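Start at 1 and go down the list; that is how both ligands and their atoms are numbered. Since the structure is predicted, the reported quantities are computational estimates derived from the model, not experimental observations.
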Amino acid sequence: MTSPRPDLAELELNELEIALQDRDCERFHARQLYRWIYRHGVTEFDRMTDLSRALRARLESEFSVTTPKVVTDEVSADGTRKFLLELGDRRRIEAVFIPDTPATAPRYTLCISTQVGCAMACGFCLTGKMGLVRHLTAGEIAGQVRVLAAATGLLDQPFNIVLMGMGEPLHNYDNTMKALRMLRSEHGLAVSPRRVTLSTVGIVPGLERLAREPLMPNLAISLHATTEEQRNALVPPNRKYPLAAILDACRRFPLKKRNRLTFEYVLLEGVNDTPEDARRLVKLLSGIRAKVNLIPLNPAPGIPFERPSDARVDRFAQILADHHLTVSVRKSRGQDIRAACGQLIVEGGVRKTAAQQLAVLMR
Ligand code: SAH
């Protein structure tokens with residue numbers, strides 16, 4: 001009987017140590033393996049030259065290392081690169097490299113997916129139209145970072161990660177947090193949780209779990225509406241986890257000194273972008289250490305909303321600023337290659353509609 005070879009890409013450092021020990025190998029090889037796989041982007045045992053030939057042969061017969069394959073890599077006029085990646089079961093996901101060139105030092109961000117598709121079915125999001133195909137494994141989530149960092153020359157440079165690709169990270173809680181632990185290892189990419197932002201529609205039990213994590217990423221809440229009724233219509237999970245409960249959880253969230261919660265707010269012309277909406281938003285966020293990130297809609301075929309004019313966006317932002325809220329307007333990056341927020345979708349593999357999937361979640 002041969003059992004399938006364990007996939008090293010799915011193991012945290014301590015799990016890898018145990019796996020080696022169980023096979024009468026030295027534990028310290030785990031650190032070497034992590035260094036090769038994460039820091040050097042090398043997954044063929046044969047190229048791991050600080051391991052003895054005998055050990056390499058042994059590893060080859062006992063373990064595998066699965067890495068998402070790059071199918072296409074499109075570069076936008078603004079330098080954003082969208083990667084279409086294929087997983088072991090041929091399912092496809094997208095992940096995005098976003099360079100930024102502020103006056104000081106260059107900054108790089110990797111935008112990573114946590115699911116194939118998404119069950120949340122937000123009315124303005126293309127991924128939401130796909131429905132959920134499946135959760136990503138921890139190895140597939142961390143694997144996107146390995147692949148993009150290697151492809152964009154970031155293996156030995158600091159970068160940020162935003163969990164803002166396809167999927168709802170708190171709907172795939174365990175795998176997402178495990179991936180962050182794998183990425184954090186000082187023997188691998190050493191990505192500090194301070195450099196990671198998890199964006200969520202606000203699944204309240206997930207927020208409560210997150211509040212108890214020893215190592216917490218930064219948190220961004222996708223609010224998008226200022227009344228329960230309006231949010232029910234735009235963000236269907238609101239029927240189960242209403243605005244009031246989410247904001248309550250936010251008020252209790254144990255923020256570190258000088259840290260703030262980010263509230264994302266997609267601006268839809270004539271729907272949620274009026275001065276009254278802005279004033280209600282100010283009220284809702286009072287008492288929360290908050291900053292607001294406004295995201296003018298990235299339009300797409302099949303999305304029944306319009307992007308407001310810059311003047312409307314500015315007017316909305318000004319009202320928040322007048323009430324001492326820190327506000328930023330998200331630049332939309334990579335729109336020409338459909339890499340912008342809410343534009344990630346992979347055709348095919350859709351089995352149920354997003355609404356059907358959501359019904360399962362809401363039961
Ligand atoms: N499921 C997570 C991550 C989603 S993507 C979440 O909901 O937060 C990150 C952000 O992009 C979310 O705030 C999402 O609502 C927003 N977004 C989705 N579709 C968009 C679109 N068409 N235009 C602009 N932003 C969009």
Problem set entry | Contact partition for E264 relative to ligand 1, non-hydrogen atoms under 4.0 Å | side chain
For this session: Return the residue, atom name and 0.1 Å-rounded distance of the protein heavy atom closest to atom 2 (C) of ligand 1.
Result: S199 O, 3.2 Å
For this session: For atom 19 (N) of ligand 1, find the nearest protein heavy atom and state the residue, atom name and distance (0.1 Å precision).
Result: G342 CA, 3.0 Å
Exercise. In terms of the angle between their ring planes, are H135 and H171 parallel, tilted or perpendicular, with boundaries placed at 30° and 60°?
Worked result: perpendicular
Exercise. Where is the nearest protein heavy atom to atom 9 (C) of ligand 1: which residue, which atom, and how far?
Worked result: M164 CB, 3.7 Å
For this session: Give the residue and atom name of whichever protein heavy atom lies nearest to atom 11 (O) of ligand 1, and the separation in Å to one decimal.
Result: C341 CB, 3.5 Å
Exercise. Going hydrophobic residue to hydrophobic residue with side-chain gaps under 4.5 angstrom, can you get from L85 over to V65?
Worked result: yes
Exercise. Relative to the heavy atoms of L297, which atoms of ligand 1 are at a distance of less than 4.0 Å?
Worked result: 21 (C), 22 (N), 23 (N)
Exercise. Would you say T200 has any N or O atom under 3.5 Å from an N or O of ligand 1, going by distance alone?
Worked result: yes
For this session: Measure the shortest side-chain to side-chain distance between L170 and T176 over non-hydrogen atoms and say whether it is less than 4.5 angstrom.
Result: no
Problem set entry | I337 reachable from I98 in the ILVMFWY side-chain graph, under 4.5 Å edges | no
Seminar exercise, completed: Per-atom filter on ligand 1: closer than 4.0 angstrom to a heavy atom of C125 are 18 (C), 19 (N)
Exercise. So which heavy atom in the protein is nearest atom 16 (C) of ligand 1, and how far is it from that ligand atom?
Worked result: V266 CG2, 4.0 Å
For this session: Flag this pair as yes if the NZ/CZ of R195 is under 6.0 angstrom from the six-membered ring centre of F159 and inside a 45 degree cone about the axis; otherwise no.
Result: no
Exercise. For atom 12 (C) of ligand 1, what is the nearest protein heavy atom, given as residue, atom name and distance?
Worked result: S222 OG, 3.2 Å
Problem set entry | Separation of L198 CG from T262 OG1 (nearest 0.5 Å) | 11.5 Å
Exercise. Can you find a side-chain donor-acceptor pair between N238 and E228 that sits under 3.5 Å?
Worked result: yes
Problem set entry | Within-cut-off N or O pair, F124 and ligand 1, under 3.5 Å | yes
Exercise. Does the ring center of F316 lie less than 6.0 Å from the ring center of Y265?
Worked result: yes
Seminar exercise, completed: closest protein heavy atom to atom 15 (O) of ligand 1 is H224 NE2, 2.7 Å
Exercise. Does some non-hydrogen atom of G167 fall short of 4.0 Å from ligand 1?
Worked result: yes
Exercise. Do L210 and F263 share a hydrophobic cluster, counting only Ile, Leu, Val, Met, Phe, Trp and Tyr and linking them when any side-chain heavy atoms are less than 4.5 Å apart?
Worked result: yes
For this session: Could you tell me the residue and atom name of the protein heavy atom closest to atom 23 (N) of ligand 1, and the distance to it rounded to 0.1 Å?
Result: N298 N, 2.9 Å
Problem set entry | Per-atom contacts, ligand 1 versus V201 - under 4.0 Å to a heavy atom | 6 (C), 7 (O), 8 (O)
For this session: Using distance alone, determine whether G165 and ligand 1 share an N or O pair under 3.5 Å.
Result: no
Exercise. Please walk me through it: do R184 and S192 pass side chain to side chain donor-acceptor pair (under 3.5 Å)?
Worked result: CA-CA 6 Å; R184 202 188 134 252; S192 139; over 6 Å; no
